[in-house]
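Please read the structure below before turning to the comments.
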Amino acid sequence: MKYLNVAEKNDAAKTIAGQLSNGTARRREGYSVYNKIYDFEAIVKGTKSKMVMTSVSGHLLQLEFLNSYRNWQNVDPESLFDAPIRKGCNEQYQPIKRTLEREVRGCQGLIIWTDCDREGENIGFEIIDVCRAVKPNIVVYRAIFSEITGTAVKRALQNLTIPDKRQSDAVDVRTELDLRTGAAITRFQTMRLQRLFPEKISDKLISYGSCQIPTLGFVAERYKEIEAFVSEPFWKIKVTHTIDDLTVEFVWARNRLFDKQACEDYYLLCIANPKATVESVTVKPKSKWRPTPMDTVELEKLGSRKLKLSAKEIMTIAEKLYTKGIISYPRTETNMFSKEIDLRSLVQQQTQHGVWGSFAERVLEWGPNPRNGSKSDQAHPPIHPTKMVNDLNGNEGRVYELICRHFLACVSKDAVGSETIVNITIEGEKFSANGLVIFERNYLDVYIYEKWNAKQIHKYEEGQVFEPTEITMPEGHTTAPPLLTEADLIALMEKHGIGTDATHAEHINTIKERGYIGVVDNGSLVPGVIGMGLYEGYDAMELALAKPMLRAEFESDLKKICLGEKDPKTVLREQIAKYKQAYKQIMDKITAMDEKMAQRIDEAPKQRDDNSTQGMDSAQNNPKRIQEMFTCPKCSIAPLALKQKNNKPGHFIGCLNFPNCKNCIWWPDECKDPSVLDEYCPRCGSEYKLIKMRFSLPYHRTLFNSPSGWYKTCLQCDAQFRNTFNINIECVKRTGPIVSDTPINYGSVSPMPAATTATKSKKTSTKTKEKPATSTAASKPRKTSEKAAKKDKKVATETTTIRSYFTSAPTNTVADSDYNGFFDSNDGDDDELLLAAIPETTNSNQITVQESRLPADIAEMFNDDDDELLANIPMDVDDDPKINENSLSRRQSTSALVQSNDIFDDSLSAVFNDDNDFGDDYVWGSSQKFRV
């Protein structure tokens with residue numbers, strides 16, 4: 001049997017392959033130059049099998065919005081909370097994807113070797129999805145390991161399990177929520193602040209992240225505390241006793257007083273009779289505890305405090321050491337060693353080191369005895385060295401030294417000493433002093449990052465009376481709290497549940513890169529002016545977005561998803577609803593942020609219009625913005641949206657899943673100024689929005705009972721509207737072609753083509769492929785069409801418009817067509833209107849066949865290279881390649897009527913295209929009857 005093995009990184013794949021093959025693996029190239037392939041043989045489930053080991057480079061697939069939602073100016077940020085998303089492979093990772101697809105074809109099994117945490121599990125399922133797209137029935141296994149050592153990986157291979165879908169689901173929920181909330185709020189506040197503050201913010205991205213902003217909040221709150229701090233004076237009483245150059249200082253039990261007069265009163269009492277009486281002398285053992293085993297948070301804090309490195313740099317180095325098999329997995333929440341771990345062998349490896357080898361030998365004599373903590377993620381042990389190395393330099397060597405010293409310290413012994421506490425009284429006021437004697441330093445001999453100094457004290461006996469050397473009343477002043485360090489910030493993030501041990505460093509690094517916080521010389525963190533403006537703006541709007549509670553609650557839900565206690569879809573839906581509410585609150589109170597930002601960056605906001613004061617962003621006022629209507633009935637993935645044509649007037653309705661879905665409907669030119677409302681159709685439900693437009697022709701105003709011309713409707717359920725303008729959603733849903741929007745000439749009524757005449761000659765069909773939606777008459781300019789009409793007196797060929805071909809029922813002659821059905825306004829005046837418009841020269845006794853031509857402007861619209869949405873959509877209209885002799889003779893007998901019908905077209909068109917021909921006193925429909 002042959003297995004495809006996939007690790008998370010190339011270094012890990014190389015190391016694992018070498019350990020499983022005992023160094024006999026053969027390397028070859030894949031499509032990616034950074035991810036090699038290793039071939040070897042190994043025992044899997046008791047059978048000797050062929051193994052192919054390769055790797056990815058972190059996440060293979062990325063969650064993203066559809067292309068239609070990437071234009072910031074045309075998309076309302078609020079729509080991103082519900083916009084369709086998809087997982088896709090970026091161009092840079094395509095070679096890795098192709099390698100997996102090629103290699104899995106020859107394999108019968110797939111083994112996932114990614115890191116054993118949530119993120120690694122999610123990457124594993126991305127690999128599974130890619131492989132199963134090629135080989136759906138492939139058997140999948142999961143290797144569980146916490147360190148890349150020979151023993152660990154061989155044990156993992158013999159104890160294969162199945163991937164944990166719940167952990168992967170938790171990552172998917174977090175990723176989707178972060179994408180939606182981050183994109184929506186980032187776009188809104190970036191576009192708004194760039195518009196209002198063009199001098200200071202015009203080129204900056206003002207991002208939002210549900211972990212980044214609360215992290216910024218910790219730094220900003222501490223800074224505001226310091227800004228608002230007012231120092232106060234205080235006084236205290238200090239007693240000293242000096243013998244033979246040794247001075248012992250006694251501390252006042254009241255510590256300090258802010259009332260100078262009260263402190264002076266106590267001071268006068270003490271100096272009035274300066275005799276000190278020893279009340280008690282207590283001697284007790286004192287120990288300084290060794291550290292608990294190292295988890296990720298402790299590594300980040302220690303590295304920041306002791307090595308003066310950023311958390312991001314520390315984790316980058318630790319991951320590199322892990323992939324080389326030098327340390328265990330560095331992303332762990334566990335600070336206790338299980339009994340299954342062979343600590344003695346780990347300590348034995350360190351005895352060969354030239355610096356701390358002798359201390360490791362002492363630990364072996366004592367027997368490794370870790371001081372365990374109380375946390376365990378049930379997945380990984382604490383961070384510890386797995387190999388002794390001497391050739392690491394720079395920061396890699398410093399991080400490795402920290403991990404080794406910490407490990408040896410935690411499995412050794414506490415430092416032991418003796419503490420002496422002396423309590424005295426002077427005129428009723430109590431004072432105390434203490435001394436320390438260290439007996440055994442133990443772990444302090446290797447753990448150079450902590451100090452424990454002895455403190456000498458005189459020998460005192462209970463009841464002893466002595467006169468202090470000096471009694472003083474010094475004055476002091478309170479000081480502001482210190483700025484946060486990165487270690488302090490990580491501790492606060494862990495305390496409040498912001499992010500995880502694996503993401504703390506990333507969040508801090510992100511807000512550094514954005515300029516929201518900065519690092520001063522001593523390593524302390526200070527907020528930037530934009531960061532401070534954002535925090536104060538959120539606080540002024542009374543938002544929970546800048547506080548840790550909202551994110552902490554979400555992180556708790558993610559843990560419950562991993563445990564199977566909560567449904568991922570439910571958690572995502574509830575969290576999105578909360579952020580939607582917060583977004584609406586931002587829209588209502590956005591001016592508060594404008595004011596705070598203006599104060600911090602020292603720039604007056606640019607004049608706002610009325611919409612801006614209501615929190616509307618620039619996308620709301622963009623005429624080319626995307627206006628979503630309802631889910632596309634063809635692909636059921638993305639919504640249909642009303643969009644403006646590129647570089648020309650007019651609108652169309654297209655699927656936002658373009659180019660994967662080419663569903664599109666041209667919007668009638670007679671319906672002006674269309675816009676999608678926030679109102680929903682009461683009949684179809686909340687998934688269908690109403691659309692509003694203005695009719696340009698009096699006929700439509702009467703037909704739809706809208707004297708003002710404004711009309712709103714639901715495209716899904718308004719059959720009259722669809723039939724009037726030949727919009728057939730069901731046809732689009734069934735067949736998927738584009739329904740053309742041919743401008744209707746209301747001066748003529750064209751018969752619909754018969755089904756048998758809907759095909760075209762081979763010659764014409766060839767031309768159609770080169771230029772969409774063309775026909776004999778439609779593909780030529782107006783003058784050419786007139787010549788064609790004269791030629792048609794000899795041979796008349798029935799043609800059809802693109803709209804009527806797809807959406808209209810077939811009919812043959814005008815006699816079959818019902819004028820009243822077309823002009824149905826239900827007012828009884830249709831006949832009078834037609835008689836007034838038809839010229840007297842029309843011979844009503846002759847049967848006419850009206851030619852339907854595709855207007856030249858429609859042909860031009862289909863040929864418009866700027867309309868990228870429709871550029872590649874074929875519109876084939878087929879005509880009958882043969883002309884029936886009977887049909888030819890019939891058409892010749894009636895061709896004389898074409899010119900008269902053209903007159904009919906022009907005259908009636910002129911009537912309806914001139915709104916003023918009827919005068920102000922003309923009343924349409926049934927209203928005319930009541931005036932008679």
Side-chain angles (χ1 to χ4, degrees), residues 77 81 173-174 177-186 188-190 193 206-228 297 481 483-486 488-501 503-512 514-517 525-560 571-572 574-597 599-600 615:
F81 286 108
V173 170
R174 176 185 57 77
L177 182 70
D178 289 347
L179 174 65
R180 292 187 183 279
T181 58
I185 300 176
T186 295
F188 171 75
Q189 65 187 20
T190 297
L193 295 177
I206 313 300
S207 66
Y208 170 82
S210 56
C211 284
Q212 298 168 23
I213 298 302
T215 303
L216 165 65
F218 292 132
V219 179
E221 283 182 354
R222 176 60 61 88
Y223 187 80
K224 284 180 69 67
E225 287 180 20
I226 297 173
E227 273 190 331
V297 173
L483 291 168
L484 292 180
T485 63
E486 196 160 327
D488 298 331
L489 184 55
I490 292 171
L492 287 172
M493 294 174 71
E494 182 187 27
K495 176 181 177 181
H496 293 277
I498 301 301
T500 64
D501 60 303
T503 60
H504 290 155
E506 291 292 339
H507 298 320
I508 296 174
N509 187 66
T510 299
I511 59 177
K512 283 182 181 179
R514 295 281 186 265
Y516 293 171
I517 65 172
L525 303 175
V526 294
V529 290
I530 293 180
M532 202 67 192
L534 278 178
Y535 171 77
E536 291 179 336
Y538 287 135
D539 193 51
M541 291 187 288
E542 300 178 346
L543 290 177
L545 296 179
K547 304 299 181 182
M549 293 76 72
L550 188 61
R551 185 68 189 196
E553 179 186 344
F554 177 56
E555 293 289 349
S556 176
D557 286 344
L558 292 181
K559 291 182 179 180
K560 292 180 180 179
V571 171
L572 181 61
E574 292 174 350
Q575 290 293 326
I576 289 179
K578 293 178 181 179
Y579 280 94
K580 271 186 178 180
Q581 185 63 35
Y583 184 88
K584 292 178 181 178
Q585 192 173 349
I586 293 176
M587 299 284 286
D588 294 336
K589 301 180 178 181
I590 188 61
T591 53
M593 176 178 283
D594 300 342
E595 296 171 359
K596 295 296 183 180
M597 186 64 71
Q599 294 173 6
R600 284 293 174 178

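Numbering of residues begins at 1 and proceeds along the displayed sequence.
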Self-check item: Residue list, side-chain hydrogen bond (donor to acceptor under 3.5 Å, both in side chains) with E553, at least two apart or on another chain
Solution: K578
Practice problem: Using the test side-chain hydrogen bond (donor to acceptor under 3.5 Å, both in side chains), find all partners of K512 that sit at least two apart in sequence or belong to another chain. | Solution: E486
Can you give each donor-acceptor pair under 3.5 Å made by side-chain atoms of residues 213-220, sequence neighbours left out, with the distance rounded to 0.1 Å?
{"from": "T215", "atom 1": "OG1", "to": "C211", "atom 2": "O", "distance (Å)": "2.7"}

Quiz item: About how many Å separate CE of M549 and CD1 of I498, when rounded to the nearest 0.5 Å?
Solution: 9.0 Å
Quiz prompt | Straight-line distance of Q585 CD to L543 CG, nearest 0.5 Å | solution = 4.5 Å
Quiz item: Can you check whether L534 reaches Q189 side chain to side chain, under 4.5 Å on heavy atoms?
Solution: yes
Self-check item: Residues which pass side-chain hydrogen bond (donor to acceptor under 3.5 Å, both in side chains) with E506, listed by chain and number, not counting sequence neighbours
Solution: K312
Quiz prompt | From CZ (R180) to CZ (F81), nearest 0.5 Å | solution = 9.5 Å
Quiz item: Excluding sequence neighbours, so at least two apart, what forms side-chain contact (heavy atoms from CB on, under 4.5 Å) with L179?
Solution: L63, F65, I85
Quiz item: Taking only residues two or more places apart in sequence or in another chain, which ones pass side-chain contact (heavy atoms from CB on, under 4.5 Å) with D488?
Solution: R305, L484, T485
Quiz prompt | Q581 atom CD, over 12 foreign heavy atoms within 6.0 Å | solution = no
Exercise. Name all residues meeting the side-chain contact (heavy atoms from CB on, under 4.5 Å) criterion together with S207; count only those two or more places apart in sequence or in a different chain, and write none if there are none.
Key: T186, L205, Q212, R514, Y516
Practice problem: Determine the minimum heavy-atom distance between G533 and M597, stating which atoms define it. | Solution: C-CE, 3.8 Å
Quiz item: If you round to the nearest 0.5 Å, how far is CD1 of I517 from CD1 of I511?
Solution: 3.5 Å
Exercise. Please list, chain by chain and in numerical order, all residues satisfying salt bridge (Lys or Arg N to Asp or Glu O under 4.0 Å) with K589, sequence neighbours excluded.
Key: E542
Self-check item: K580: salt bridge (Lys or Arg N to Asp or Glu O under 4.0 Å) partners, not counting sequence neighbours
Solution: D82
Quiz item: Between K547 and D539, does at least one N-O distance fall below 4.0 Å, as a salt bridge requires?
Solution: yes
Quiz prompt | T503 side chain vs G499 backbone, donor-acceptor pair below 3.5 Å | solution = no
Quiz item: For the rings on Y208 and F188, is their centre-to-centre separation under 6.0 Å?
Solution: no
Quiz item: Okay, side chain of E494, backbone of V297: is any donor-acceptor separation there less than 3.5 Å?
Solution: no
Quiz item: Is there a side-chain contact between F554 and V173, using heavy atoms and a 4.5 Å cut-off?
Solution: yes
Exercise. Output the distance between atom CD1 (I490) and atom CG (D501), rounded to the nearest 0.5 Å.
Key: 11.0 Å
Quiz prompt | Residues forming a side-chain hydrogen bond (donor to acceptor under 3.5 Å, both in side chains) with K224, sequence neighbours excluded | solution = E536
Self-check item: For D178, salt bridge (Lys or Arg N to Asp or Glu O under 4.0 Å) partners two or more places apart
Solution: R174, R551
Quiz prompt | Residues forming a side-chain contact (heavy atoms from CB on, under 4.5 Å) with A577, sequence neighbours excluded | solution = none
Quiz item: So how far is it from Y579 OH to E574 CD, rounded to the nearest 0.5 Å?
Solution: 13.5 Å
Exercise. May I ask you to test the I530-R600 pair for a side-chain heavy-atom distance under 4.5 Å?
Key: no
